Asker: 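Here's a structure for you.
In this text, all values refer to a predicted model and were calculated from it rather than measured experimentally. Computation of the quantities below employed the complete heavy-atom set of this structure, encompassing side-chain atoms and omitting hydrogens, waters and symmetry-equivalent molecules. Reminder, nothing fancy here: chain letters follow the sequence lines and each chain counts from 1.
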Amino acid sequence: MAAPYSKKVMDHFMHPRNVGEMENPDGIGKVGNPVCGDIMEMYIKVKDNVIVDAKFKTFGCGAAIATSSMATELIKGKTIEEALKLTNKAVAEALDGLPPVKMHCSVLAEDAFKGAVDDYLKKKTGVGLQGWRPHEEDHEH
Amino acid sequence: MAAPYSKKVMDHFMHPRNVGEMENPDGIGKVGNPVCGDIMEMYIKVKDNVIVDAKFKTFGCGAAIATSSMATELIKGKTIEEALKLTNKAVAEALDGLPPVKMHCSVLAEDAFKGAVDDYLKKKTGVGLQGWRPHEEDHEH
Amino acid sequence: MKRIYLDYAATTPVHPDVAAEMQPYFSEKFGNPSSIHSFGQEAKAAVERAREQVAGLIAAQPEEIVFTSGGTEANNFAVQGIALANEDRGNHIIVSKIEHHAVLEPARFLENHGFKVTFLPVDNDGLVHPEDVQKAITDKTILVSIMHANNEIGTIEPIEEISKITKEKGVYFHTDAVQTVGSIPVDVNKLGVDLLSTSAHKLYGPKGVGALYIRKGTRLEPFIRGGGQERHRRASTENVAGIVGFGKACELAKNELQSRIDHLIPLRDKLIKGIKDNIQDVVLNGHPSIRLPKNVDITVKYVEGESMLLNLDIEGIAVSTGSACSSGALEPSHVLMATGISPELAHGSIRFTLGRLTTDEDIDRVLEVYPKIVEKLRKMSPLVKK
Amino acid sequence: MKRIYLDYAATTPVHPDVAAEMQPYFSEKFGNPSSIHSFGQEAKAAVERAREQVAGLIAAQPEEIVFTSGGTEANNFAVQGIALANEDRGNHIIVSKIEHHAVLEPARFLENHGFKVTFLPVDNDGLVHPEDVQKAITDKTILVSIMHANNEIGTIEPIEEISKITKEKGVYFHTDAVQTVGSIPVDVNKLGVDLLSTSAHKLYGPKGVGALYIRKGTRLEPFIRGGGQERHRRASTENVAGIVGFGKACELAKNELQSRIDHLIPLRDKLIKGIKDNIQDVVLNGHPSIRLPKNVDITVKYVEGESMLLNLDIEGIAVSTGSACSSGALEPSHVLMATGISPELAHGSIRFTLGRLTTDEDIDRVLEVYPKIVEKLRKMSPLVKK
Ligand SMILES: Cc1ncc(COP(=O)(O)O)c(C=O)c1O
Ligand SMILES: Cc1ncc(COP(=O)(O)O)c(C=O)c1O
């Protein structure tokens, strides 16, 4: 038995998918804050409105790394619109759940991905993701 | 192992000396108070200023019974003056000590005996034991 | 000489199955439940399993159970925790006069710190009257604390009726169930209480562990402050082995409850009858029928309690007394005094409490030995005149 | 795979001799020490023997030891007990910023109830400066509480120097010695403290039992109220088996203290050197030499603590982290922050604490596995740029 995490979380934590930086990404999302102990960077490559590749680098706990990994897996191959439907809860569920104190990690992953889309849209159209702002880091949640 | 008492106390408690009432005692001391859970009555017979017999009846805990028993033993055969030198500490010491919370029982025994002498002197001379009053029952000691 | 233990209300031997269950948690599965690594998670899982077992015995949810160091801490926690968290709503609390010191002392402490405390009377059988609770409640009342059953006289209080009143008035209700959990059925919902204290060593679990049941939604301040254990309600590294033992003891109690009761009641009634038949001038303290299956508390006139206890101990029979002498205080039992008996009689009380290992032969032996002891002591008593 | 436990500061396995000593006190010698009969007196004698053993380890008198449910209760008891009993003399208390939560939380509680609390800073090595204590004391100060050694960074505080000041000023001095008793010499008279907290499970005793040393003459209110146990200083039926175990653990610690230290220091220094030699950008937290023999607390730049911990756990190595994630809070360790390091670095801390069963091979194994883990995680870290 190990850790207060599900097997899925531990699998993505120990064998994270899509780790690394990307050469010439079409969009980059950077979220988190060293004070809180989590920093995520997510990179996407988009072709014909489809996310053909995604990568990440994360400084953070087990849940932060696993949610980054799972988020990149989930968005790869999806259209921007499909991918934007992805919520932090979906990421957590795909990992068979997270301990309550770790749910903020899934929020970070959602933000990182949406930040990357925002960046992509800004570059392409000059206008970012409409109505979107990353969640505030909230020390209480 | 039994009870928080010395062997001597347990011996005098289980096999108390001089239990019982006395026919025509020369002096009777009655002390204690049912509210406090101890009542002692001590009886003495005096001949030529010597305590030739002593008896007691006690309602009370192990220490109350043992100190009554020991007190009667200690005064028997002594002159009134010798016997009056007897303090509650001497009774407790003769029993190889008492637990601190039980020291008041030895005070009762001293009072019971002195009460008996007081009664004897009053009957004989019309004047009781000089300067003597039983200790106040003190709920704090 | 076989030693006969008849002081099960004071404490109980740990059940062998409980001791066996605890064993691995000392030197092998010794992790700190707060640790993330496998040693810690193993310990944490054990604590959570125990929480379910304890909850299961009293029909609570596991999240409503907070482990403590015993019944006393649970009572302190309940009384002070409610007082501190609800000061804005009022400063009045109600307890009965026959509560355990572990409720009375925290109540008196609050009294010295700005709270008002009503100490409710009981009748001659030791029962609190629900009407008295009703009358005592004011719009400043924030807590009523009435024990489920009294440890000395064994009377079981009408908790269900009282909780109807506290619910109606919107006042928190705590019950000290240290003597009842594992002895008679305890269901927090049927009882209708918001808080309930229990202690493992009264039900064949280890000493030094207990629990406070806290109904969901209850406003309560922590009592022991520090780390975030027990969902921030009770700090300190968990007593894992003790908690595991408590859990197992609750599981056993749940399975065996009815058979324990069926075993005890005939023995209890035999002892009461035997004493009454063989010793003159004795009085059964507490309620004649609304009493714990384990409890026989009697007053023997003209004789002091400790002197009976010591004589029984010499015969290998372990009992208890509410008399002053045993506690080091000079006052007679506050419980007996509250039932209206005289101090003199209160000093002559003796308590036999029966348990799992008590046999019919044990009762026979008591009935053989005890009347002689009383006779011997009465011969010494100045209260008995020829 | 052999599991390697390197979290001895979190808790320790019960020593086999301790477990053996406890064994009879569950189901055989199970009496309640308050009972007058032989079962009770047997238990009471065991508790008093343990009291002597605990006192013996810290050069106290047995009457100065009050048993508690652990280090947390001892700390709560000391801080609140002094505050309540000495309110007439003043309402100011002084603690360090790096105290355990079991001191900080009671202090904050008092702060919300009319007391003033000074939280003293520490230097980069985690040392409290005695001059700062001197300056902080006012004529309203009633208590100074500074821990003997910090649980996270292992720094040992200058208690003797601070006690010179508190004595001169006539202020009570409490020290949380939970991490030092059984680890380094602790003598209450040399230290010059009035109160000292300890916890059995940190020195191979059971969880759920501890003690507060209270120097004779100290004015202190009880914390847990109820019956008259522990000379009216701490109510509740004594955790007899736990107390017996604690006593035995103290006796063993006294006999083995020097050999334990001699065993740990070379292993500790080997681990520190090995990590520094094999991993770049690491910092040893706490004082380089005035530190506990068991403690190796380091910060690994660019990597978060929990992610290292989990990787080590997969390899069977159990360690701890002061990082936010492990406690469920988002703030980094208050201890590391007080030593002046950045939050980012504080999140990258990891604590190895060594003990009786740690071998040279264990250290080799860590040094083989750990650098690879850091390398792997740094590859994922956005703080490391190609
Ligand atoms: C009714 C009642 N409440 C509370 C307690 C205290 O429990 P503990 O000894 O576990 O602190 C006891 C027994 O001692 C008890 O009988
Ligand atoms: C320095 C310090 N103080 C207090 C405590 C609390 O002790 P316990 O867990 O026994 O309550 C601990 C450990 O948890 C500690 O390391």
Asker: Is it the case that the side chains of D:Lys301 and D:Gln280 hold a donor-acceptor pair, with the cut-off being a distance below 3.5 Å and no angle test?
Answerer: no
Asker: When you compare the side chains of D:Ser333 and D:Glu152, does any donor N or O come within less than 3.5 Å of an acceptor on the partner?
Answerer: yes
Asker: Which residues in residues 72-84 of chain A have any heavy atom closer than 4.5 Å to a heavy atom of chain D?
Answerer: none
Asker: Please examine the side chains of A:Thr58 and A:Glu41, heavy atoms only from C-beta on, and report whether any two atoms are closer than 4.5 Å.
Answerer: no
Asker: Indicate the ring-plane relationship of D:Tyr5 and D:Tyr8, choosing parallel, tilted or perpendicular according to the 30° and 60° boundaries.
Answerer: perpendicular
Asker: Do D:Lys207 and D:Thr11 have a side chain donor and acceptor closer than 3.5 Å?
Answerer: yes
Asker: Non-hydrogen atoms of chain D under 4.5 Å away: do they reach the side chain of A:Ala64, the backbone, both or neither?
Answerer: neither
Asker: Does either side chain, that of A:Ser69 or that of A:His12, offer a donor lying less than 3.5 Å from an acceptor on the other one?
Answerer: yes
Asker: So, using salt bridge (charged side-chain N to carboxylate O under 4.0 Å, His left out) as the criterion, who are the partners of D:Glu99 when residues are at least two apart?
Answerer: none
Asker: With only heavy atoms counted, which part of A:Ile65 is less than 4.5 Å from chain D, the side chain, the backbone, both or neither?
Answerer: side chain
Asker: Would you tell me whether D:Asn285 and D:Thr299 have side-chain atoms, one donor and one acceptor, within less than 3.5 Å of each other?
Answerer: yes
Asker: Could you look at D:Lys376 and say if it's the side chain, the backbone, both or neither that has a heavy atom under 4.5 Å from chain A?
Answerer: side chain
Asker: Report which part of A:Pro16 has an atom under 4.5 Å of a heavy atom belonging to chain D: side chain, backbone, both, or neither.
Answerer: side chain
